[in-house]
Amino acid sequence: MEGEFIVKKAKMIIDKAYKIAEIDERVYGSFIEHLGRAVYGGLYEPGHPEADEQGFRKDVIDLVQQLNVPIVRYPGGNMVSAYNWEDGIGPKEDRPKRLELAWRVIETNEVGTNEFVDWAKKAGSEVMMAINLGTRGIDAARNIIEYTNHPSGTYWSDLRVKHGYKEPHKIKTWCLGNEMDGPWQVGQKTAYEYGRLASEAGKAMRLVDPDIELVSCGSSNTDMPTFPDWEAETLTHTYDVVDYISLHQYFGNRDDDSQNFIANGMELERFISTVTSVADYIKAKKRSKKTLMLSFDEWNVWYHSNDADKEIEPWTVAPPQLEDHYNFEDALLVGSILITFLKHADRVKMACMAQLVNVIAPIMTENMGAAWKQTIYYPYMHASVYGRGVSLKAIVDSPKFDTKDYTDVEYLDTAVVYNEEEEELTVFALNRHIEDDLHVTINVSGFEDYEIKEHIVLEHDDLKAVNTATHESVTPHRNGNAVLQDGFIEAKLSKASWHVVRLRASKTTN
Ligand code: AHR
C-alpha cells in the first residue's frame with residue numbers, strides 16, 4: 001500500500017554444531033611497507049616525546065597493541081620488488097641511501113629487518129616477511145633466511161650475531177614476491193616466469209629452514225586481465241612448495257554510490273570462491289593430498305588520497321603518501337570484509353589490513369605530534385579482540401536488495417564466533433542498507449544459560465563523517481538494544497550500522 005512503512009526483518013539460527021573452522025588469529029594481521037610515513041614518522045620517529053630508546057613511538061605501539069595484531073607483513077608491497085635487504089642491516093651510519101623505485105622516494109634504510117623484528121616484538125606481533133622476486137631471486141632469498149633464521153656458524157648467521165642478534169629471529173611466514181603480475185611492479189613477470197622462479201626460491205629457502213611457511217603470489221586484484229589464469233599457471237609450478245596463495249583487493253567509492261560501495265563484500269565472496277576453486281583444480285590435477293590455504297595479505301579501502309598523491313614531489317624522504325582519511329561508510333565496508341573472512345575461516349587463514357600506520361591505515365600520526373584512530377580502527381579492533389575461537393555457520397534468512405554491481409545483497413551481513421574455552425559467543429552483524437532499519441531475531445536456544453554481556457554499536461547519521469587528530473566523531477558505544485529472552489535475541493539494527501553482540505555463559509563471573 002502506498003506510503004505504508006514496512007519494517008524489514010531478518011532471522012538467523014546459531015548452533016554450536018554448525019562449525020566452519022577454528023579461526024586462525026593471523027586473519028587479523030596487518031602490513032607495514034616502507035612507503036610514505038608508515039615507517040618514518042609512523043612507527044619510528046627518534047626525537048618524538050613518545051620515542052623509546054630505539055626511536056619507536058610508544059603511542060603508536062600502544063594503539064597497535066589495542067588492535068591485538070598477530071602478524072605484520074613487511075617490508076612491502078611494491079617496494080620489496082627492488083629492495084636490497086642487505087641495505088637495512090648493520091651499523092646505521094654505514095647504510096646506503098637509495099632511490100626507492102616503487103614510490104619514487106629516498107629510502108634512508110635507518111630501519112631494516114632487525115629493527116622491524118624488534119618493533120614487532122614490542123607490538124606483540126609476528127613478522128610476515130616478503131622477499132624480492134622482482135630484481136633479485138634465489139640467491140638473495142636463501143641469504144636472507146640464513147641471516148634471519150639460521151642459528152650461527154655460517155657467514156650470514158654470524159653476521160646477524162655480529163649485528164647484536166645472537167638468537168635467530170625464526171621468521172615463519174614468507175611471501176614469495178609481491179604482485180608480480182602487475183605492470184607497475186619492478187621486475188614484473190609472466191605467470192610462467194614467476195611460477196618457476198618462486199618455486200625454486202621457495203625450495204632453496206625450505207632447504208635452509210624446513211619449518212617455514214610460504215605464500216605464492218596471486219593476482220593483484222580481480223580486474224587483472226590475467227586473473228584467474230595467473231593463479232592456475234603459477235600454482236602449477238609452486239603448488240608443491242607453498243602453503244598459501246595470496247589475494248589482494250582494495251575498494252573505493254569513486255562514483256559516490258554508497259549503497260553499492262557498502263555491498264562490496266559480495267565481490268570479495270566471488271574472489272575467494274574463484275581462487276579456492278582454482279587452487280582445488282590444481283590440487284586435483286596434481287593428485288595432491290595438500291589443500292592450499294588463502295592469505296588475503298592486502299585488503300582495505302583505498303581511493304581518498306589518489307589525487308593528493310599526484311602532487312607529491314619525487315625523491316623526498318617519507319612524504320605523506322596514500323594518507324586516506326576514512327569515513328563512516330569505509331568503516332562499514334571494513335566490518336563487512338572481516339565478516340567475509342570469518343565466513344571463510346576454513347580457507348582464509350591469514351589476512352593483512354593494508355596498511356597499519358599513516359599509509360591507508362587505521363592509525364594516523366602527526367609528525368612530532370599525536371597518534372589517533374581512524375573510523376576503520378573500530379571494526380578491525382572489534383573483530384580482532386572478540387573474534388577468536390571457532391567460526392560458526394549461521395543460517396540466515398534476510399531481506400535482500402540490488403545495487404549497481406550486485407544483486408540479492410542481504411541486508412544482514414553476519415559472522416558468528418564461539419569461544420568454547422571462554423564460554424563466549426560473539427555475533428558480528430552489519431545492516432548494509434543505508435535507508436532501512438532492520439529487525440533481527442536470532443535463535444540461540446542451543447546456548448542455554450547464556451546472557452548478553454554487551455552490545456557494541458558503531459553508527460552515525462552521516463556516512464561521510466570522519467575522525468581527526470583532535471575530534472573523534474565516529475566512535476562505538478555500548479548501548480545497543482539487543483535483548484535475550486527464551487532462547488531468542490531481538491535487536492534493531494539501525495540503517496547502515498555495525499554491531500557486536502557478545503554473549504557469555506551466565507555462570508561466568510567476568
Ligand atoms: O598497499 C599499497 C600497495 O598496494 C602495495 O605496495 C602493493 O602491493 C599494492 O598494489
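Each ligand, and each atom within it, is numbered from 1 in the order the structure gives.
- For residues 241-264, the set of pairs meeting the salt bridge (Lys or Arg N to Asp or Glu O under 4.0 Å) definition, not counting sequence neighbours, comprises Arg206-Asp243, Asp255-Lys404, Asp256-Lys464.
- We find that Glu233 and Lys189 are not joined by a salt bridge, their nearest charged nitrogen and carboxylate oxygen being 4.0 Å or further apart.
- In terms of modelled atom types and a separation under 3.5 Å, the side chain of Lys286 and the main chain of Thr236 share a donor-acceptor contact.
- Checked against side chain to side chain donor-acceptor pair (under 3.5 Å), Thr291 has the following partners two or more places apart in sequence or in another chain: Lys283.
- Remark: Asp346 engages no residue in a side chain to side chain donor-acceptor pair (under 3.5 Å) (not counting sequence neighbours).
- Protein residues having at least one heavy atom under 4.0 Å from any atom of ligand 1 are Phe31, Glu33, Gly77, Asn78, Trp103, Asn178, Glu179, Tyr250, Glu298, Trp302, Leu322, Gln355, Ile360, listed by chain and number.
- Under a cutoff of 6.0 Å and an axis angle of 45°, Arg73 and Phe31 form a cation-pi pair.
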